[in-house]
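Since the structure is predicted, the reported quantities are computational estimates derived from the model, not experimental observations. Sequence positions, counted from 1, serve as the residue numbers for this chain.
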Amino acid sequence: MSKFFEALEQAQQEKAARRRTVPAAPAEPVVERASVVIKPPAPAEPVAERAPVFRKPDAPAFPPPVPRRVRRSSLEPSRGGSNEIEEQLEIEEHLVSLLAPTSFEAEQYRALRHKIEQLHRSTDLTTIAVSSPDAGDGKTTTTLNLAGALAQAPDARILLIDADLRGANVAMYLGLDEHTAPGLVDAILNPSLTLGSVVQTHPYLNLTVITAGRQPTSPYEVLKSPRLGELLAEAREKYDYVIVDTPPLVSVPDSQVLARLVDGFVLVVGAHRTPRRLLLEALNLLEPTRVVGLVFNGDDRHLSRDSYASKRVYEMTVDGTRRHRFSSRSRGRQTSSDE
């Protein structure tokens, strides 16, 4: 037993001796951490307030002028495979609202357009006939310039009808070939022709045209046909404005037939040309409520282009009396008086 304890004691001594001989692992040096100093955020620099930028509005865009000379090949399809046609069709030089839309003269027709647009909104004026007491007063020129001024509105639907079957000039003035499509007379005499089959669209204008067509033997009887009323009623539904060039009032009875089919008449009076008695006779041939107004055409008493235009307009009042208004060219002074 004593040997057992001696052996056990010797084993413990040897174990203790081994522990003393194994060097202890050196302790890891403690790294001293640097102190972190957190700086407060710098105050934000004030942002300079930008001044608002104002852009100059674009100037109103005027429609480009229409070329006066138009090749017929651009108005109708080629025949025989050739587009070379020597004839050139010209637009009448007095159609200033088409050829020179920014000109001083075009502004006068734009003023007439403004009057028509006001009546369109207030009284639903849509179908407008343009006539004069006698031939040569400028009714066709006024008709085309009024239609051209109305057509400058890009969203407007304008139909121009040549109902002066005795002296049709609309096609020639606009540089259109009246033989390209059937005209008003053809549509009246042939009920199978629809409104769409007789209209022509001008290649340079926001304008649709019905030419007079073939010359009838009896214009009065053609215009008296119920078919004309049907065509005008259909046109009224499809277009914003229907402008009708009609024969002179006093010379022939044709316009009196048209009076029951249109909303109103614009009478053109030639300055230094139309006798007063003819004007009174023309007014007596129409109901006062049918007269939209009078255009005093060719007034050359004021020639300055630096001031406002002078255009006399006779308006029908509610009580049937005529009131004449005119814009003086002396810096826009406007007067009115009752007759």
For Pro216, side chain to side chain contact (heavy atoms under 4.5 Å, CB included) partners two or more places apart: Leu165, Val185, Pro219, Val222
Can you run down the salt bridge (charged side-chain N to carboxylate O under 4.0 Å, His left out) pairs that involve residues 206-225, sequence neighbours left out, and say none if there aren't any? Asp186-Arg214
Quick one: ring pair (Phe, Tyr, Trp, His ring centres under 6.0 Å) pairs with a partner in residues 228-263, sequence neighbours left out? His120-Tyr241
Taking side chain to side chain donor-acceptor pair (under 3.5 Å) as the cut-off, I'd like each qualifying pair that reaches into residues 276-286, sequence neighbours left out, listed once. none
Under the ring pair (Phe, Tyr, Trp, His ring centres under 6.0 Å) definition, can you give me all pairs with a residue in residues 123-168, not counting sequence neighbours? none
For Val252, check side chain to side chain contact (heavy atoms under 4.5 Å, CB included) against everything at least two apart and list the hits. Arg166, Pro247, Asp254
Could you work out, with salt bridge (Lys or Arg N to Asp or Glu O under 4.0 Å) as the rule, every residue matching Glu230, not counting sequence neighbours? Arg227
So which pairs with a foot in residues 188-201 pass salt bridge (charged side-chain N to carboxylate O under 4.0 Å, His left out), sequence neighbours left out? none
Can you name the residues that form a side chain to side chain contact (heavy atoms under 4.5 Å, CB included) with Gln118, not counting sequence neighbours? His114, Lys115, Arg121
Please enumerate all residues that pass salt bridge (Lys or Arg N to Asp or Glu O under 4.0 Å) together with Arg236, with sequence neighbours excluded. Asp124, Asp263
For residues 125-137, the salt bridge (charged side-chain N to carboxylate O under 4.0 Å, His left out) pairs (sequence neighbours left out) are Asp137-Arg273
List for me each residue that meets side chain to side chain contact (heavy atoms under 4.5 Å, CB included) alongside Thr123, sequence neighbours excluded, and say none if there are none. Leu119, Leu125
